[in-house]
Amino acid sequence: MQPKKLFEILLENYEQQYWWPAKSNWEVIVGAILTQNTSWIQVEKAIANLKAKRKLSLNAIQEINEQELGELIKPAGYFNQKAVYLKEIAKYIQENYSGDLDKWFAKDLIDLRTELLGLKGIGPETCDSILLYAAKKPVFVIDAYTKRLSERLDLTDKLDYNDLQEFFQLNLKKNVQLYNEFHALIVNHAKNYCLKENPKCEKCILKKECFFIKK
DNA sequence: ACCCAGGTGTTTC
DNA sequence: GAAACACATGGG
């Protein structure tokens with residue numbers, strides 16, 4: 001199956017997702033870090049805590065101490081390391097770009113990606129989520145669901161992060177809105193439990209194509 | 001009780 | 001290199 005066809009099937013079966021659910025680019029970054037291996041509902045609680053204490057801003061996160069920040073983001077899990085990650089990226093943006101995200105995002109994409117990946121706590125998925133959903137760059141995000149889906153639909157043979165990303169980008173129009181919606185739809189599709197390691201595919205919309213159903 | 005969540009970093013073979 | 005492990009709360 002071609003990626004374009006997969007996108008069409010997802011769009012036919014689900015509502016448009018209109019990600020990212022955040023009010024500012026900085027909030028996208030905070031959410032991207034908090035949601036690492038964590039359900040979005042927990043991230044919402046953590047962000048609500050930050051907002052209630054007025055500690056969400058780039059400045060506030062630099063000023064608050066690590067333990068206090070950890071307490072506020074506790075619902076999102078891994079709060080000790082995530083507190084460090086948040087403070088580190090806030091400090092980086094402050095020191096290198098005067099706290100001006102737009103200035104950073106105006107840089108060349110390759111440089112921007114390299115800088116992001118150089119930060120502690122920013123791996124490939126978080127990096128590309130920030131590039132796509134905050135910086136609005138045409139970068140396809142690969143997550144565990146995308147990987148499983150690609151494998152089960154036998155979309156392509158190589159499944160490591162970079163090969164998979166290249167596969168989608170080469171086989172789709174280079175379009176921020178398309179990449180945005182595609183990734184969001186895959187995550188939404190996962191709610192049907194068919195993209196888990198031990199899938200239940202009763203409601204799967206991909207019955208005819210899914211590797212697990214075919215068998 | 002068990003599995004999982006919009007992963008990442010470190011350690012170990 | 002690639003597995004294996006730690007990180008941690010909370011929902012189903």
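These numbers come from a predicted model, not from an experiment. Chain letters run A, B, ... following the sequence lines, proteins first and then strands; every chain starts at 1.
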Which heavy atom of A:Lys82 sits nearest to which heavy atom of A:Gly77, and what is that distance? CD-O, 3.4 Å
What is the separation between atom CD1 on A:Ile73 and atom P on C:dG10, rounded to the nearest whole Å? 13 Å
Interatomic distance where NZ belongs to A:Lys45 and C1' belongs to C:dT9 [whole Å]: 8 Å
Has A:Thr38 got a side-chain N or O lying under 4.0 Å from the OP1 or OP2 atom of B:dG7? no
Aromatic contact, A:His189 with A:Tyr145 (centres under 6.0 Å): no
Round to a whole Å and report the spacing from CG of A:Leu159 to C1' of C:dA2. 15 Å
Taking the nucleotide of DNA chain B with the closest heavy atom to each, which residue, A:Tyr85 or A:Ala190, is nearer the 5' end? A:Ala190
Applying a 4.0 Å non-hydrogen cut-off, can you work out what A:Leu195 is touching in the nucleic acid: base, sugar-phosphate, or nothing? nothing
Please report, rounded to the nearest Å, how far the P atom of C:dA4 is from the CG atom of A:Asn37. 17 Å
So, does A:Lys120 get its side chain near the phosphate of B:dT10, meaning an N or O under 4.0 Å from OP1 or OP2? yes
From CD1 of A:Ile33 over to P of B:dA5, roughly how many Å is that when rounded to an integer? 21 Å
Figure out the CG/C1' separation between A:Asp160 and C:dA3, and round it to whole Å. 15 Å
Among the candidates B:dG7, B:dA5, C:dT9, find the nucleotide nearest to the side-chain atoms of A:Ser39. B:dA5
Is A:Lys82 near enough to B:dG9 that one of its side-chain N or O atoms lies under 4.0 angstrom from OP1 or OP2? no
Does the pair A:Tyr85 and A:Gln36 meet the rule for a side chain to side chain donor-acceptor pair (under 3.5 Å), with working shown? CA-CA 11 Å; A:Tyr85 299 164; A:Gln36 291 171 355; 5.6 Å; no
Rounded to whole Å, how long is the line connecting atom CG of A:Leu86 with atom C1' of B:dG7? 14 Å
Tell me if a side-chain donor or acceptor on A:Glu88 pairs with a main-chain N or O of A:Lys120 at a distance below 3.5 Å. yes
I need the CH2-P distance between A:Trp40 and C:dG11, as an integer number of Å. 17 Å
Sole residue of A:Phe182, A:Trp40, A:Tyr179, A:Tyr133 in ring-ring contact (aromatic ring centres under 6.0 Å, His included) with A:Trp19: A:Tyr133
Can you check the distance between C:dA8 and B:dT11, where both ends of the measurement are the P atom (answer in whole Å)? 15 Å
Using a heavy-atom cut-off of 4.0 Å across all strands, would you classify A:Ile186 as base, sugar-phosphate, or nothing? nothing
Just checking A:Gln42: base, sugar-phosphate only, or nothing, at a heavy-atom cut-off of under 4.0 Å? sugar-phosphate
Report yes if a side-chain nitrogen or oxygen of A:Tyr78 is closer than 4.0 Å to either non-bridging phosphate oxygen (OP1 or OP2) of B:dA5; otherwise report no. no
Quick one: label A:Gly123 by what it contacts on the DNA or RNA (base, sugar-phosphate, nothing), any heavy atom closer than 4.0 Å. sugar-phosphate
